Amino acid sequence: MEFVEQIVSHYNQWITIFLMVAGLYIVVARGNMVKKLVGLSLFQTSVYLLYLSPGKILGGTAPILEEGFEVYSNPLPHVLMLTAIVVGLATLAVGLALVVRINEAYGTIEEDEIFADGEDGK
Amino acid sequence: MVLLTLMAAVTIGIVRARNLFAVVVLSGIYSFLMASVMIVLDAVDVAMTEASVGAGMSMVLMLGVLYLTKVEEAVPSHTPWLPLFVAVGTAAVLLYGTVGLPPFGAAENIVHAHVAPRYLEQSIAETTVPNVVTSVLASYRGFDTLGETVVIFTAGFAVLLLLRGRRRSRPSDDA
Amino acid sequence: MKFDLILRIASKLLLPFILLFALYVQFHGDYGPGGGFQAGVIGAAMVILYAIIFGLEAAKRAVPPIVVETMIALGALLFAGVGVTSMLLGGEFLNYSVLAHEPAHGQHLGILLVELGVLITVAGTMVTFFYTFAGRGR
């Protein structure tokens, strides 16, 4: 019984950790740059989840003040993540722009092929 | 909880898929699932942003980049054991860390004790804005948002600088 | 570029409503979910839809790149300008209470202006991203 409670109360965090680690794995293990950027955004999205899950209060409602509601979820993580999402898109766009330029310079977006290209003494 | 499990499944798909088009579409699905989870967590503003930004804009951008580059991912040349080991190790440490965390959704958790109640109580009186997220975003934490606007501004011009000049093709593949 | 007639007409019908929804999200952001970030992205999505259906050149004629690039700077400037104005009126930087006679109304006005600045910057940046990535292809 205690084990079930443990699972229910930490399930969000475990999924968060899984997403984070999956993003980390993609970034480290894959050589393709677009895939790496997808991995980075996976990692980033897991951080949204990490921030938002503690802000929730069971039985609460969204933090828009209205007559008749007493319990609201914590608005602070929402604000932080709202800005984080848009900044995430901005950095993703800069990364993608770099990928496009790398593709134009080397003709490939695979890390291994770029390194091989460099060793040829170009 | 079902949504979270679905998200984990989509993530496995993203890790395994080798066709980048599939990866981008899967990440769009992932973003929509994330937005649904955010609604369940009462973060309606954030869910709206994630649905429009994560599923909309970033998919458009990635598809644009895929059009400019290649769609297939190459087979990796080295075995993935070392990264896998790093990933599993990190996961183990983090999992150990979750054991001491407070339970999900309890109102007496320590995060709800400090700044948030003041925002919730004073927002109407001080700013006449009932949506606390907006009032915190624009007023109480205006500096954050200003800095963040400047980041977007910088990113916009960085992309312009990187991509707008005339395209110089490689001498080898002039066609 | 020849596209399906239905697609063109349907998207043409949709465009004003998308813009209307963006403005609703922007100005109703005080009372419901929404705000400058979301509205900016939705507004940019309208331009992108137009560019996808009618071609990049038509979109660039309707919304010239120079306007969009000015918008990026203008939004950030408006945001910082509100801060400086409140300083000139005797408050701290970004303390909107001094913008109107009553502090609460000043705060409301300040929030509206700041969100407008965010809207302009975000919309401009998103459209710029699309223009540059799409314009690179040819």
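Please read all numbers here as calculations on a predicted model, not as lab measurements. Protein chains get the first letters and strands the later ones, always in sequence-line order, with residue 1 at the start of each.
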(request) List in chain and number order the residues that pass side chain to side chain contact (heavy atoms under 4.5 Å, CB included) with B/T154, two or more places apart in sequence or in another chain; answer none if no residue qualifies. (result)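 Per chain and number, B/T154 pairs via side chain to side chain contact (heavy atoms under 4.5 Å, CB included) with B/V150.
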
(request) Please list, chain by chain and in numerical order, all residues satisfying side chain to side chain contact (heavy atoms under 4.5 Å, CB included) with B/L84, sequence neighbours excluded. (result)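 B/L84 satisfies side chain to side chain contact (heavy atoms under 4.5 Å, CB included) with A/Y25, B/W81 only.
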
Need one label for [X]: side chain, backbone, both or neither, based on atoms under 4.5 Å from any heavy atom in chain B.
X: A/I26; result: side chain
X: A/L42; result: both
X: A/L52; result: both
X: A/M33; result: neither
X: A/I85; result: both
X: A/L80; result: side chain

Report the option among [options] that has the most heavy-atom pairs separated by less than 4.5 Å from atoms of chain A.
options: B/V44, B/V159, B/L41; answer: B/L41
options: B/T149, B/V151, B/L95; answer: B/L95
options: B/P83, B/A47, B/G97; answer: B/P83

(message) To the nearest 0.5 Å, what is the distance between CZ on B/F85 and OG1 on B/T90?
(response)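 Those atoms lie 9.5 Å apart.
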
(request) Working to the nearest 0.5 Å, report the span between CD1 of A/I17 and OG of A/S46. (result)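 So the CD1 of A/I17 and the OG of A/S46 are separated by 9.5 Å.
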
What are the two closest heavy atoms between [X] and [Y], and how far apart are they?
X: B/S31; Y: B/E50; result: OG-OE2, 3.3 Å
X: B/F32; Y: B/A51; result: CE2-CB, 4.1 Å
X: B/M34; Y: A/L49; result: CE-CB, 3.8 Å
X: A/M20; Y: A/L50; result: CE-CD2, 4.5 Å
X: A/V21; Y: B/A91; result: CG2-CB, 3.6 Å
X: A/G88; Y: A/Q44; result: CA-NE2, 3.3 Å

Which answer fits [X], side chain, backbone, both or neither, if we ask what part of it has an atom under 4.5 Å from a heavy atom of chain A?
X: B/A43; result: both
X: B/L66; result: side chain
X: B/V37; result: side chain

Max heavy-atom pair count under 4.5 Å with chain B, selected residue of [options]:
options: A/T45, A/T91, A/V94; value: A/T45
options: A/G39, A/A22, A/A90, A/P75; value: A/P75
options: A/L89, A/V28, A/L92; value: A/L89

(message) Using only non-hydrogen atoms and a strict under-4.5 angstrom cutoff, which residues of residues 20-28 of chain B touch chain A?
(response)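 Within residues 20-28 of chain B, near chain A: B/L20, B/V23, B/S27.
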
Determine all donor-acceptor pairs shorter than 3.5 Å in which one atom belongs to a side chain in residues 52-64 of chain B; sequence neighbours excluded.
unit_1	atom_1	unit_2	atom_2	d
B/S52	OG	B/M48	O	3.1
B/S52	OG	B/T49	O	3.2
B/S58	OG	B/V53	O	3.3
B/S58	OG	B/G54	O	2.5

(message) Strictly distance-based, threshold 3.5 Å: is any side-chain N or O of B/D45 a donor or acceptor partner for the main-chain N or O of A/L82?
(response)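 Not confirmed, B/D45 side chain does not pair with A/L82 backbone.
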
(message) Set out, in order, the CA-CA distance, both residues' side-chain angles and the distance that settles side chain to side chain contact (heavy atoms under 4.5 Å, CB included) for A/T83 and B/D144, then state yes or no.
(response) CA-CA 8 Å; A/T83 53; B/D144 274 12; 5.6 Å; no

